[in-house]
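Comments concern the structure below.
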Amino acid sequence: QVQLVESGGGLVQAGGSLRVSCVASGRTFSSYTMGWFRQAPGKEREFVATISRGSSRTYYADSVKGRFTISRDNAKNTVYLQMSSLKPEDTAVYYCSAFNSGTSDYVTRDMNGYEYWGQGTQVTVSS
C-alpha cells in the first residue's frame, strides 16, 4: 500500500509560478511510475504529467507542455510539479498518483492505470 500526500498548492497570479510536491510512503517508491492529474470545478479529472521510476521518461499534456516540469527525488520519496507561466485555466485540484511499474520505464496518461491517489491540493490562478 502506498499513501500519497500532496502539498504546495495555493493562490498565485497569472504568469506566476508554483511548485507542488507529493510525498509517498513506503520503501519502494523507486518502483513506481508517478503522475499528476487535475480536476477543475465541473470538469472531469485530466492528465497533466507523468514520470517513469528512474526519471528517464516524462510525458506532458499538450496544455502544459513547455510550462510545467515533473521531476522526482527517489531518495526523498517525492515527486514535484513545477508550474510556470500559470494561467487562470490551470486552476484546479491537483492530484498525485502512482502505479507499480516494477523494473520497466512504462508511463501512461490513462487515469485508470494508476493504483494510488492522493487527496489533492488546490491551485488557484487569478487573472
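- Although no hydrogens or angles enter the test, the distance criterion places a donor-acceptor pair under 3.5 Å between the side chain of Y114 and the main chain of T108.
- Rounding to the nearest 0.5 angstrom, the gap separating the CG atom in D90 from the CZ atom in R67 is 4.0 Å.
- Heavy atoms only, all atoms of each residue included: A24 and L4 are closest at CB-CD2, 3.5 Å.
- Across F29 and D73, no two heavy atoms sit closer than the pair CE2-O, 4.0 Å.
- When all heavy atoms of A14 and S127 are compared, the closest pair comes out as CB-CA, 4.3 Å.
- Minimum interatomic distance between A49 and L81 (heavy atoms only, all atoms of both residues): CB-CD1, 4.3 Å.
- Distance check: M34 CE to R72 CZ gives 6.5 Å after rounding to the nearest 0.5 Å.
- In the model, E89 has no side-chain atom that pairs as donor or acceptor with a side-chain atom of T91 under 3.5 Å.
- Taking a cutoff of 4.0 Å between a charged side-chain nitrogen and a carboxylate oxygen, D62 and K65 qualify as a salt bridge.
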Step-by-step side-chain contact (heavy atoms from CB on, under 4.5 Å) determination, K76 to V23: CA-CA 8 Å; K76 296 182 178 180; V23 178; over 6 Å; no
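- Summarising the geometry, atom NZ belonging to K87 is positioned 8.0 Å from atom OG belonging to S85; distances are rounded to the nearest 0.5 Å.
- Sorted by first and then second residue, the side chain to side chain donor-acceptor pair (under 3.5 Å) pairs involving residues 28-37 (not counting sequence neighbours) are T33-S101.
- Summarising the local packing, CD of Q122 is surrounded by more than 12 heavy atoms from other residues, nucleotides or ligands at distances under 6.0 Å.
- Counting all heavy atoms, side chain and backbone alike, A92 lies closest to A40 at CB-N, 3.8 Å.
- I70 and V123 fall within the same hydrophobic cluster, defined by Ile, Leu, Val, Met, Phe, Trp and Tyr side-chain heavy atoms under 4.5 Å apart, directly or through other members.
- With sequence neighbours left out, F47 forms a ring pair (Phe, Tyr, Trp, His ring centres under 6.0 Å) with F37, Y59.
- Counting only heavy atoms from C-beta outward, the side chains of S17 and R19 never approach each other to under 4.5 Å.
- Judged by distance alone, with hydrogens and angles left aside, the side-chain atoms of T121 form a donor-acceptor pair with the main-chain N or O of G9 at under 3.5 Å.
- Between atom CD of residue Q119 and atom SG of residue C22 there is a gap of 11.0 Å, rounded to the nearest 0.5 Å.
- With E6 contributing its side chain and G120 its backbone, the two residues share a donor-acceptor pair below 3.5 Å.
- Closest approach of G26 and N77 over heavy atoms only: O-ND2, 2.7 Å.
- Both L18 and V79 are members of a single hydrophobic cluster when ILVMFWY side chains are connected at heavy-atom separations under 4.5 Å.
- Under the side-chain hydrogen bond (donor to acceptor under 3.5 Å, both in side chains) rule, E46 has a single partner from R109, Q39, R38, which is R38.
- Screening V107, I51, D105 for a side-chain contact (heavy atoms from CB on, under 4.5 Å) with S56, the sole residue that qualifies is D105.
- Y80 and V93 fall into different hydrophobic clusters, defined by Ile, Leu, Val, Met, Phe, Trp and Tyr side-chain heavy atoms under 4.5 Å apart, directly or through other members.
- Relative ring orientation between Y94 and F68 is described as tilted, the plane-to-plane angle lying within the 30° to 60° band.
- From C96, atom SG reaches atom CH2 of W117 across 9.0 Å, with rounding to the nearest 0.5 Å.
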